[in-house]
Amino acid sequence: VKPNYQCFVIYLDALAKSRDPGAPEKAEAVLQRIEDLFADTKDNSFDFNNYGYNLVVDAWSRSRGPNRAQKSEEIIARMHQLHKKTGNRSLLPDKFSYSCLMNAVIKDREEGFAEKCASILTIMEQGDDRISPDYVTYNTVINAFGRAKKPEQAVAILDRFENHDVIQPHISCFNSALNAYGKSNRPDSAQKVLEILDRIEQTPDIVQPDTVTYSICIDALARSGDRDRIRLAEDLYHRYIARHQQSKNSGDHRWELSPGLFNALMLVYVRSSLKDKVQKVLGVMKRMEDLGTKPDRIAYNLLLGACSKTPDNVNDKIRKNTLEIAAKTFQHLQQTNGLYPDGISYNQLLWVCNLIGDPAERRETITALFKSCCKDGHLSGTILGTLKVVSGNHFWTLIGKEGGRGRVEAHQLDPSWSRNDGKGRNRAWR
């Protein structure tokens, strides 16, 4: 019994979607076999189309190896060549093909990757209906410029999207443009974010902001140096809460609440110079719970972050109260289903240990924390740096290298100690 076209395509589909590290290469080999057997056939019992080619492009875009974009482009070029040879329009690349190519370009992060995505978008804009971009395509390109730290270009793509004759504006594209400025670390980022928010709110009949919109704006204020950032952030927060309550009373569910909104305001307080930031964060968490939104791990880590920024020279009452809040917060993370301390939790609590006045008690607490951190597998370079500061000369004894000196990395120690340390997840708010 000879396998037919459908058998090969089913096999190709399973292979391309597998997690096998060599899946793209194997899928491409099967695709070549399909081409050899069926590209020139006169059999009309099946439709020889771009489906198999798209599977391989998708496999390359999702792979972890290098040259994903180049490999994806090569497959798309083959689709064009085969169409030219056979006249079969169903072999031409479509919207999915070019979307996969964009994803591959973004993952490769080669020089000019965002501009490359914009070029692909232009090809799609100039094509027929089969490759015409949708809001997801525009959002991908806006995000690409955001990752490249080029917010002006991200907004330029948003402008192109707004001026499109057919596609209706979508809030996700505006949110991506907001995020591009919010994460750009530019001095004017907060001002630019508020300008985009104003642009959204001036066209309520076209697009409506959501909780992500306001969360990004407040987060951008937290990261900015704007002197008025606390007032501006609180104004945005209260505006959204008021709209949520009004919409809830009228049965409109567009103004839903999410932890991100509250977390963003807490970050504003944590990064501020306010002396009562711990109480401010606690107030937001209480309001969060009163409104029926459950605090997540990020919220508890922000509370620990506020505690960690309490100065060493505070009076005994504040010192004791802060230590109690930090201890209860950490215990809550340990004991609550669905929550658990991560690297950020441990890092912040290590900083809080500076508030412990008695040297013996401080050393004992730091030792217990370090052992718990290693047991949970959350040790990281960030935590080692904090540990070295707060534990002083006891540091080398703690890590089992008594008499050591210089720099030590987490990967040089027992690998089980850092088994759950995800890249980038353990950066602390300091």
Side-chain angles (χ1 to χ4, degrees), residues 57-58 60-64 68-70 72-73 76 94-125 131-164 167-186 188-190 192-197 199-200 206-224 258 260-261 263-264 298 422-425 427:
V57 174
D58 184 39
W60 277 118
S61 73
R62 290 186 292 104
S63 70
R64 295 184 178 182
R68 287 166 286 209
Q70 179 187 332
S72 298
E73 280 189 292
I76 288 175
D94 55 19
K95 187 190 304 179
F96 182 79
S97 317
Y98 285 111
S99 297
C100 289
L101 176 57
M102 277 189 188
N103 289 331
V105 169
I106 292 170
K107 286 181 180 178
D108 278 352
R109 291 289 186 97
E110 298 286 342
E111 183 72 27
F113 73 92
E115 288 78 7
K116 175 72 174 177
C117 288
S119 299
I120 297 169
L121 176 63
T122 300
I123 292 171
M124 296 175 73
E125 287 175 329
I131 65 170
S132 182
D134 55 17
Y135 81 85
V136 176
T137 317
Y138 282 97
N139 199 30
T140 300
V141 183
I142 293 168
N143 272 320
F145 278 115
R147 292 186 183 190
K149 304 294 183 185
K150 296 179 178 179
E152 293 94 345
Q153 288 91 325
V155 173
I157 298 297
L158 178 65
D159 293 340
R160 277 165 65 175
F161 171 60
E162 270 200 288
N163 294 325
H164 200 284
I167 310 173
Q168 278 289 98
H170 196 279
I171 191 58
S172 64
C173 295
F174 288 88
N175 288 344
S176 294
L178 285 168
N179 206 41
Y181 266 114
K183 298 293 174 62
S184 66
N185 297 321
R186 290 172 33 146
D188 63 343
S189 61
K192 293 293 185 181
V193 159
L194 294 176
E195 287 174 4
I196 296 172
L197 176 61
R199 176 174 162 181
I200 295 169
I206 297 175
V207 66
Q208 289 276 353
D210 58 14
T211 182
V212 176
T213 312
Y214 277 82
S215 300
I216 293 172
C217 291
I218 296 171
D219 184 87
L221 286 165
R223 299 172 191 278
S224 76
S258 74
L261 179 76
N263 292 344
I298 295 173
K423 185 179 179 182
R425 288 189 309 172
R427 287 176 298 192

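The two atoms that bring S97 and V57 nearest to each other are O-CG1, 3.8 Å, heavy atoms only. Considering every non-hydrogen atom in both A180 and S184, the closest pair reads O-CB, 3.3 Å. Of all the heavy atoms in A220 and G182, the pair that sits closest is CB-CA, 3.7 Å. Minimum interatomic distance between A190 and L221 (heavy atoms only, all atoms of both residues): CB-CD2, 3.7 Å. Across G146 and A154, no two heavy atoms sit closer than the pair N-CB, 4.5 Å. For the residue pair V105 and A69, the shortest heavy atom distance occurs at CG2-CB, 3.7 Å.
Between the CD1 atom of I171 and the CD1 atom of I200 there is a distance of 4.0 Å, given to the nearest 0.5 Å. Distance OH/Y138 to CD1/I157: 8.0 Å, rounded to 0.5 Å. Taking CG of L197 as the reference point, atom CD1 of I218 lies at 9.5 Å (rounded to 0.5 Å). One finds the CD1 atom of I142 at 12.0 Å from the SG atom of C117 (value rounded to the nearest 0.5 Å). Atom CG of D94 is separated from atom OG of S99 by 8.5 Å, given to the nearest 0.5 angstrom. Atom CD1 of I76 and atom OH of Y98 lie 6.0 Å apart (nearest 0.5 Å).
Of the possible polar contacts, one joining the K149 side chain to the K183 backbone as a donor-acceptor pair under 3.5 Å is found. Under the 3.5 Å distance criterion, the side-chain polar atoms of K107 are left unmatched by any main-chain donor or acceptor of R64. A side-chain donor-acceptor contact under 3.5 Å links N163 to the backbone of D159. Distance alone, capped at 3.5 Å, places no donor-acceptor pair between the N263 side chain and the I298 backbone. Within the 3.5 Å criterion, the main-chain N or O of I106 finds no donor-acceptor partner in the side chain of R147. Without hydrogens or angle criteria, D108 side chain to R68 main chain gives a donor-acceptor distance under 3.5 Å. Side chain of S215 to main chain of L261: a donor-acceptor pair is present (N/O by atom type, distance under 3.5 Å, no hydrogens or angles).
Side-chain contact between R199 and L158: present, with at least one pair of heavy atoms (C-beta onward) separated by less than 4.5 Å. In this structure, the side chains of Q70 and E110 stay at 4.5 Å or more apart for every pair of heavy atoms. Put simply, the side chain of Y181 does not reach to within 4.5 Å of the side chain of E195, judged on heavy atoms. In this structure, the side chains of E73 and L101 come closer than 4.5 Å at one or more pairs of heavy atoms. In this structure the side chain of P151 never reaches within 4.5 angstrom of the side chain of K192, judged on heavy atoms.
Side-chain contact annotation: S172 with N175, donor-acceptor N/O pair under 3.5 Å absent. Using modelled atom types and a 3.5 Å distance limit, the side chains of D134 and T137 yield a donor-acceptor pair.
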For side chain to side chain donor-acceptor pair (under 3.5 Å), just list the numbers for N143 and T140, CA-CA rounded to whole Å, side-chain angles, deciding distance to a tenth of an Å, and then say yes or no. CA-CA 5 Å; N143 272 320; T140 300; over 6 Å; no
Go through the steps to decide whether R160 and E125 satisfy the test salt bridge (Lys or Arg N to Asp or Glu O under 4.0 Å), and finish with yes or no. CA-CA 10 Å; R160 277 165 65 175; E125 287 175 329; 2.6 Å; yes
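The aromatic rings of H170 and Y135 sit parallel, their planes meeting at an angle under 30°, below the 60° perpendicular limit.
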